[in-house]
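Working notes for the structure below.
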Amino acid sequence: MNSKRPVNLDLGKFHFPLPAIISILHRITGIIIFVGIAFLLYWLDVSLDSEEGFRQVSELLDGFLAWFVLWGIMAGLIFHLVAGIRHLFMDMGIGETLEGGRLSSKITIGVSVVLIILAGIWLW
Amino acid sequence: MGKIRTISYDAIVVGGGGAGMRAALQLTETGVDTACITKVFPTRSHTVSAQGGITCAIASADPNDDWRWHMYDTVKGSDYIGDQEAIEYMCSVGPQAVFELEHMGLPFSRTEQGRIYQRPFGGQSKDYGKGGQAARTCAAADRTGHALLHTLYQANLKGGTTFLNEWYAIDLVKNSDQQVVGVIAIEIETGEVVYIKSKATVLATGGAGRIYASTTNALINTGDGIGMALRAGYPVQDMEMWQFHPTGIYGAGTLVTEGCRGEGGYLINSEGERFMERYAPNAKDLAGRDVVARSMVIEVLEGRGCGPEKDHVLLKLDHLGEETLNLRLPGIVELSRTFAHVDPIKDPVPVVPTCHYMMGGIPTTVGGQALTQDKEGNDQVIDGLFACGEAACVSVHGANRLGGNSLLDLVVFGRAAGLHIEERLRGGYESGDASEDDINRALARLERLESSTGTESVAAVRKDLQSCMQLYFGVFRDGDSMGEGLKKLDAIGERARNVQIGDNSKAFNTARIEALELDNLFEVAYATAYSAMERRESRGAHARNDYTERDDENWLKHSVYFPLEKRLGKRDVNFAPKTVDTLQPMIRTY
Amino acid sequence: MVKTVTNLGRSGVYDWMIQRVTAYILALYTLFLFGFMLTTDLSYESWSALFGQTWFRIFSLMALVSIGAHAWVGLWTVTTDYIKATAPRFLVQATAGTAMFVYVVWGVQILWGH
Amino acid sequence: MLVSLYRYNPEQDNAPYMQDIELDIPAGKDLMVLDVLALLKEKDPTLAYRRSCREGVCGSDGMNMNGKNGLGCITPISEVVKKDKLVIRPLPGLPVIRDLVVDMGIFYEQYERITPYLVNDTPAPEIERLQSPEDREKLDGLYECILCACCSTACPSFWWNPEKFVGPAGLLQAYRFLADSRDTAQEERLSDLDDPFSVFRCRGIMNCVAVCPKGLNPTKAIGHIRDLLLQRAT
């Protein structure tokens, strides 16, 4: 007799509804932002140091890599913010039905995508 | 099989449905060391499927309601072979038992006054049949059984009952003093076989609707307690009396509560006619279940059935309105959509009479004490053995049970069995020990099965058994065809003794359990067939084409089937209630 | 009742409240900054003027402390969900905690140091 | 139709595996998944699964069908089968005893933890305790739970913290008693739940709502519990 029982937790085999995907993205973006804070603080430090520093940061952001890092952090921030607002609505009892939850998930994705694209254009 | 482990309790209850858990609760609360042995987790028991309610004169819908009226209805419904002392007990103690359930937390529906909501059910009257339709069935929407079963489980958790969940009792252990001293059971998860020793063994294993091909019963309703009693040589009573519920969903067999008709639904045939007006001018769709089921079959036989096969009738509910349906019958709306592909808010539901309830069972006293007969035909108690609920035949349902009386039966007599056993144990009742031989005798069946070299498959034999019962022992019965059916059953029995499990592993071996259940199904089916053949009259649910009349001269009796001699005896019906006058048999019309 | 020592508050409600209150602060701060950057012609002058005002320094510090609390509750939840062995979980939590401390001190230095 | 079944027998297998079986479905019939399992068991009696009422009220046959939890007995194959393939796995996150049979112990323990019975220390009246239809209505959507575990085993928070997070089913029942006008133990019930795990692990992803075969909404119930906890704390 095999005493160690297996557990069916093969995550790839399960169907995850949209609200679940929102939730995991909320987590991931949260971690991205937490790491990103280091960059933001560094850039803030330099930009406030002097006019020269401010120019350095501005020029730096013209480069693709820094642009990409900043855009990534911004994207995470935007998504985390929008999904967070969805959470706050749910706390008030809005969107706690199955349909409501699905609808608000779609809205969250839609609004985030639009804002993230706009942020990318703006940063460029 | 060698020596097996022994576990001891003062009392064991076999079965974790409504009756079993009510008995266990009573015992545990009074300090008796009790274990409830249940083959499925308790809330998965068939009580969970009960829908309409629990009938009881709590005087909510009608402040003048009287338990004696309920008693009158029940005696009449039983076609006069219900024991009047037991019915008196049930109807008079009922309100207390129902209030106890409410105090435990059962979420009954409510009236504007805050009292328990009661709805009309079939066969209910006021003032001994003279005051018109009564509304006496206490309901939790149409999920009363679910609410009741969960409440009882919760109460047992509170009380601290020991549950042996997913343990399957195989057979009774009987010692040389003819005392029942426990059961042999198998822990399904591990496959370990254990002797569970007890001073009092309560069989609360429910019904056996699975002997029929079309039934409202759960897949687990295989008559395990009846099988155990029969194999131990004990008789069973009124086994020919099987209730066919008028409204099982056509094709699927799932139950549609009588509460639908109580709330104002009615049956129509292919011509759109409300045909029950012809068969029961007064009660119409709320006549006794046997009457309604027979009327439906006659409609179909006379060519007024619905659908392409003209083999069912329709239950009309849409006129009740969406709001009432969603408030009072939400479960029915759900079930109809799932199993009939019909939305009852818009369309009528296709229904057929479907095997629903076993009125017969192990004969017992009001206190659940199991009975047999001595050579002179006198009642004799079986030491250590008790029964309650559908497995028992107290008998409060006689030849036909009224809707809503089964839930009342199981709480009242589950409780009564608990009270009675506790009293006996407190009085110092001790039973003897079982010898190794006694235990081995109870193990014999399992050993035979394990070493079987047979070739029959359990599923195939079971299917043939169910078809045979459906065909020859259904709503209408006939001597010749039952004779044929009995012969077929003999052959099926031969095959049942020759099955191959196809799986000898230990852990959660459901094939083994199903093979053991098949034996019980066969025992019940055979007792049913034999008793049906021998009762030469029509009464209640037992309707014969060759003996169409009720025969009070010869058959105002319980039938008692003795398995060892294969003989049908008779037992007197109790006509001696303690506080009211005897209700004399009358012609039964609705 | 489940007892833990590494969560921020004494209870679930407390943690939950902290996360919500900080969420509002951070949302406001973020929206304000975005708004500022979109409506103002961004230059060193305007930028350092903004960060030169005391109220904005306080607002920024509040945001920074909020990040610490908000992230602690969030990261604590994530680590207790996914890291089941005590030692690595504690290590990650300690690292995150240190980072938060560094962020706050560094932030104070940035805000008042220029 | 191809049926892909999760198989595991602790006496023979070191690890679970998927067994593919080609099965002819009788034409014109939309079988339930449980019927499919019964057909398979007729051919292979070693297949283990739980079942009882076969009408969606007992909660025995919760399983994962093509990635989604549900009751086999009320799930028509037309609803779940994709590309003529039916994948049946045990409920996620619970230890597998055999094939589709999982050990529900921890699920039941969470249920027992929330004091799953009415508490009322005032002397019981002669008749029932009165309750208005409005108060009774508050129990609708709560008491109907059948303990099938579809919700809790679809919940990642329950997967990661089954010993600490009560899970959607347990919390739905916790609220069932908190909402009962006849219950007098609200304070004790709330203080038993006021820790970072029991209630607050719910992230509102509503997997539970998406799979509940009875159409219940544990997320909403959890929201109500949280509101009660907040009221109590502020």
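Worth knowing before you read on, the calculation uses all heavy atoms, side chains too, and leaves out hydrogens, waters and symmetry mates. Here is the naming used below: chain letters follow the sequence lines, and residue numbers restart at 1 for every chain.
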For this session: Give me the ring orientation class for B:Tyr153 and D:Tyr111: parallel if the planes are under 30° apart, tilted from 30 to 60°, perpendicular past 60°.
Result: parallel
Aromatic plane relationship, B:His356 with B:His245 - under 30° parallel, 30 to 60° tilted, over 60° perpendicular: perpendicular
Engaged part of [X] at the chain D interface, taking heavy atoms whose separation is under 4.5 Å:
| X | answer |
| --- | --- |
| B:Ala252 | backbone |
| B:Leu255 | backbone |
| B:Arg337 | neither |
| B:Phe108 | backbone |
| B:Thr47 | neither |
| B:Leu335 | side chain |
| B:Ser457 | neither |
| B:Phe339 | side chain |
| B:Leu106 | backbone |
| B:His103 | both |
| B:Glu100 | neither |
| B:Gln96 | neither |
| B:Asn217 | backbone |
| B:Ile501 | backbone |

Interface residue of largest heavy-atom contact number with chain B, from [options], under 4.5 Å:
| options | answer |
| --- | --- |
| D:Leu118, D:Ile127, D:Leu130 | D:Ile127 |
| D:Pro45, D:Cys53, D:Ser132, D:Ser52 | D:Ser52 |
| D:Gly59, D:Ala48, D:Cys148, D:Gly215 | D:Gly59 |
| D:Arg54, D:Glu112, D:Arg51 | D:Arg54 |
| D:Val101, D:Asp140, D:Leu139 | D:Val101 |
| D:Ser60, D:Gly56, D:Pro76, D:Ala38 | D:Ser60 |

Donor-acceptor under 3.5 Å ([X] side chain, [Y] main chain):
| X | Y | answer |
| --- | --- | --- |
| B:Gln118 | B:Ser60 | yes |
| D:Asp61 | D:Cys73 | yes |
| D:Asp103 | D:Pro95 | no |
| B:Asn509 | B:Asp503 | yes |
| B:Ser45 | B:Gly16 | yes |

Should [X] and [Y] count as an ion pair when the cut-off is N to O under 4.0 Å?
| X | Y | value |
| --- | --- | --- |
| D:Arg129 | D:Asp180 | no |
| B:Arg110 | D:Glu134 | no |
| B:Lys39 | B:Glu517 | yes |
| D:Lys138 | D:Asp135 | yes |

Taking atom types as modelled and ignoring hydrogens, do the side chains of [X] and [Y] form a donor-acceptor contact shorter than 3.5 angstrom?
| X | Y | result |
| --- | --- | --- |
| B:Thr38 | B:Asn165 | no |
| D:Arg98 | B:Thr510 | no |
| D:Thr153 | D:Asn69 | yes |
| B:Ser49 | D:Glu55 | yes |

Among [options], which residue forms the greatest number of heavy-atom pairs with chain D at distances under 4.5 Å?
| options | answer |
| --- | --- |
| B:Thr216, B:Thr151, B:Leu101 | B:Thr216 |
| B:Thr254, B:Thr338, B:Val40 | B:Thr254 |
| B:His341, B:Glu334, B:Glu514 | B:Glu514 |
| B:Ala459, B:Pro107, B:Ala218 | B:Pro107 |

- Within 45° of the six-membered ring axis of B:Tyr117 and under 6.0 Å from that ring's centre, is NZ or CZ of B:Arg328 located there? yes
Side chain / backbone / both / neither for [X] at chain B, heavy atoms under 4.5 Å:
| X | value |
| --- | --- |
| D:Tyr108 | side chain |
| D:Leu47 | backbone |
| D:Pro125 | both |
| D:Gln12 | neither |
| D:Leu142 | neither |

Only one of B:Leu329, B:Val349, B:Leu325 passes side-chain contact (heavy atoms from CB on, under 4.5 Å) with B:Ser336, and that residue is B:Val349
